[in-house]
Structure formats: C-alpha cells, structure tokens
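Report on the structure given below.
Quantities reported herein were computed from a predicted structural model and do not represent experimental measurements. Naming: A, B, ... by sequence-line order, numbering from 1 per chain.
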Number of protein chains: 2
Amino acid sequence: MIEADIFKALADPTRRKVFEKLAGGSLNASALRDGLEISQPAMSQHLSVLRAAGLVREQRQGRFVNYEVDPDGIVAIGAWLARYRAYWPKRMEALADLLKDMDQ
Amino acid sequence: MIEADIFKALADPTRRKVFEKLAGGSLNASALRDGLEISQPAMSQHLSVLRAAGLVREQRQGRFVNYEVDPDGIVAIGAWLARYRAYWPKRMEALADLLKDMDQ
DNA sequence: GCAACACATAAGCGTATGCTTATGTGTTGC
DNA sequence: GCAACACATAAGCATACGCTTATGTGTTGC
C-alpha cells in the first residue's frame with residue numbers, strides 16, 4: 001500500500017517543506033538544507049522517506065545527487081482524492097475529469 | 001497549519017479505513033468499529049483526530065453521534081495538491097480548473 | 001594514491017503516537 | 001431516580017519517529 005507511505009511522508013513538516021522546495025525545481029541534498037536548520041544526515045533520511053513514498057526521485061550527477069518531484073506521487077494522491085468524489089463540493093467538480101482518465 | 005493535521009490524520013491506516021467507511025455514508029462510532037478490531041476508546045480517539053483535522057464532522061442524535069465526511073478536508077487536500085500543478089502529468093490537467101476556482 | 005567533498009547508513013536517545021484498561025459524561029426509557 | 005447504553009476522557013505503556021553524532025561509501029581532482 002503505497003498511499004500509506006505517502007501520507008506518512010507528508011505528515012512531517014520538514015518533509016513537506018523539502019517537497020515544496022523541490023516544486024520550485026530540481027535541487028541536490030545540500031541545497032535543500034538551506035534555510036532549514038537540519039543536519040546533513042537528517043536531510044538524507046527525509047529524502048529517503050520521500051523517495052520510498054514515490055514523492056521524489058533522484059538522479060546522480062557526479063558526487064551530487066539531484067532530487068526532483070516525482071509525478072507518480074502526485075498522481076497517487078490525486079487518485080486517492082478521486083475516490084471521495086462524492087464529497088467534493090461543486091467547485092471541485094473539475095476533478096471528475098481526472099477520475100475519468102485514471103479509470104482507464 | 002491545518003494541512004499538518006490532515007496528513008498526520010491520514011498517516012494512520014486505521015483512520016484511513018474509518019474515513020473510507022464514512023465515504024460510503026454517515027455512521028456512528030459503534031458502527032464504524034464493525035470489521036475493525038479496535039476498542040471503543042481507540043475509535044473515539046481516532047475520530048477525534050479526524051475531526052480536528054477537518055476530515056470528518058459529527059452530529060449528535062440522541063445518545064448516538066453520527067459521523068460523516070467533511071468536504072472541507074477534501075477541499076484542503078485538493079488545494080494542497082493544486083500547488084503542485086506544475087508537476088501534474090497531462091492526465092491530471094483537469095485539476096487546473098479546480099485551482100482556478102480556489103484562487104478566487 | 002589520497003585528500004576533500006557529497007551523501008548514505010548505523011547506533012542511540014528523547015518524544016510522539018496508538019493502544020489498552022479504567023472511569024467520566026450525557027442520553028434514553030422504565 | 002436509576003439502570004443501560006453510547007461515547008469521551010484519563011492514565012499508563014510499548015512502539016514508532018525524528019533527531020543527533022559517528023562512520024561508511026562513492027566521486028572528484030591534484
């Protein structure tokens with residue numbers, strides 16, 4: 001059950017901040033530490049959790065490891081959210097189109 | 001920051017099961033226990049967490065308390081997801097309409 | 001080769017979380 | 001009133017989680 005990992009990963013405020021940073025573009029682990037007062041191992045562990053959840057993917061470049069948002073995680077959340085379509089208010093009706101595509 | 005509560009609430013597998021049950025319709029705390037091998041206080045605590053997160057809302061009816069999905073929680077998740085629109089794959093493009101409405 | 005660097009992993013520790021049992025609060029119906 | 005019921009809260013406990021320091025792994029450039 002990957003959605004378990006996703007919600008657990010996003011439950012931590014630091015990981016959400018990291019994810020949000022990556023939404024602005026690809027960054028390596030050191031760059032991600034800027035602003036966040038956190039040790040290097042802590043960041044490494046957080047990135048490991050985000051990666052295991054499918055929210056982030058990595059790409060080695062020399063001795064740097066670049067991280068970026070993994071669309072798969074985004075899709076998984078969208079798919080989960082789509083299951084509760086019956087409770088979407090009218091202004092979220094547009095999501096119905098998403099569900100339609102995902103069912104295929 | 002309510003989205004912190006939302007993701008924390010959904011990080012627990014039992015609470016996700018409860019939420020999914022409620023997606024099928026309003027239920028009271030005892031009925032929600034059916035199938036889930038969990039004590040009455042545990043369920044009460046889970047419901048408290050879900051309610052604090054805005055995912056669920058309650059309605060007293062005599063000595064029963066009926067719980068139902070709170071659309072506010074759904075919208076909050078949708079709004080969060082909308083922030084990462086740039087990383088949605090094409091088949092999630094429909095969500096763009098949601099973002100548009102939410103920005104108003 | 002080897003020193004410097006970027007990152008990952010290991011081990012240990014304090015706190016948060018989810019569970020249990022016990023008890024409290026509020027409602028129903030006799 | 002009071003017994004039965006539905007649910008909430010309190011207290012205590014085992015485990016999970018996030019952090020730290022220490023160390024390991026892999027890459028770069030001299």
Please tell me if B:Arg15 has a side-chain N or O lying less than 4.0 Å from either OP1 or OP2 of C:dG18. yes
More than 12 heavy atoms from other groups under 6.0 Å of CZ on A:Arg33: yes
Integer-rounded Å distance: C:dC7 P and A:Arg51 CZ: 14 Å
Does a side-chain N or O of B:Tyr67 approach OP1 or OP2 of D:dA6 to a distance below 4.0 Å, or not? no
Take atom CZ of A:Arg16 and atom P of D:dG18, then tell me their distance rounded to the nearest Å. 11 Å
Starting at CZ of A:Phe64 and ending at P of C:dC7, how long is that distance when rounded to a whole Å? 6 Å
On the nucleotide D:dC7, are OP1 or OP2 found under 4.0 Å from the side-chain N or O atoms that B:Asn28 carries? yes
Base of C:dA8 paired with side chain of A:Gln40 (donor-acceptor, under 3.5 Å): yes
Between D:dA6 (P) and B:Glu58 (CD): distance, integer Å: 17 Å
B:Met43 has an atom CE; how far is it from atom P of C:dG18, in whole Å? 14 Å
With a 3.5 angstrom cut-off on both distances, give the Watson-Crick or G-U wobble partner of D:dT20, or none if there isn't one. C:dA11
NE2 of A:His46 versus C1' of D:dC19: gap in Å, rounded? 8 Å
From CZ of A:Arg63 over to C1' of C:dA6, roughly how many Å is that when rounded to an integer? 7 Å
Checking all strands, does A:Ala29 fall into the base, sugar-phosphate, or nothing category for heavy-atom contacts under 4.0 angstrom? sugar-phosphate
Tell me the interatomic distance from A:Gln45, atom CD, to D:dA16, atom C1', rounded to whole angstroms. 14 Å
Do the rings of B:Trp80 and B:Phe7 sit parallel, tilted or perpendicular, given the 30° and 60° boundaries? perpendicular
Nearest-nucleotide pick for B:Ser30, side chain only, options being C:dC19, C:dA6, D:dC7: D:dC7
So which atom in B:Leu10 and which in B:Arg16 form the shortest heavy-atom distance, rounded to 0.1 Å? O-NH1, 2.6 Å
B:Ser39 vs C:dC19: side-chain N/O to OP1/OP2 distance below 4.0 Å: no
Would you say that more than 12 heavy atoms from the other residues, nucleotides or ligands in this model lie under 6.0 Å from the NZ of B:Lys17, or not? no
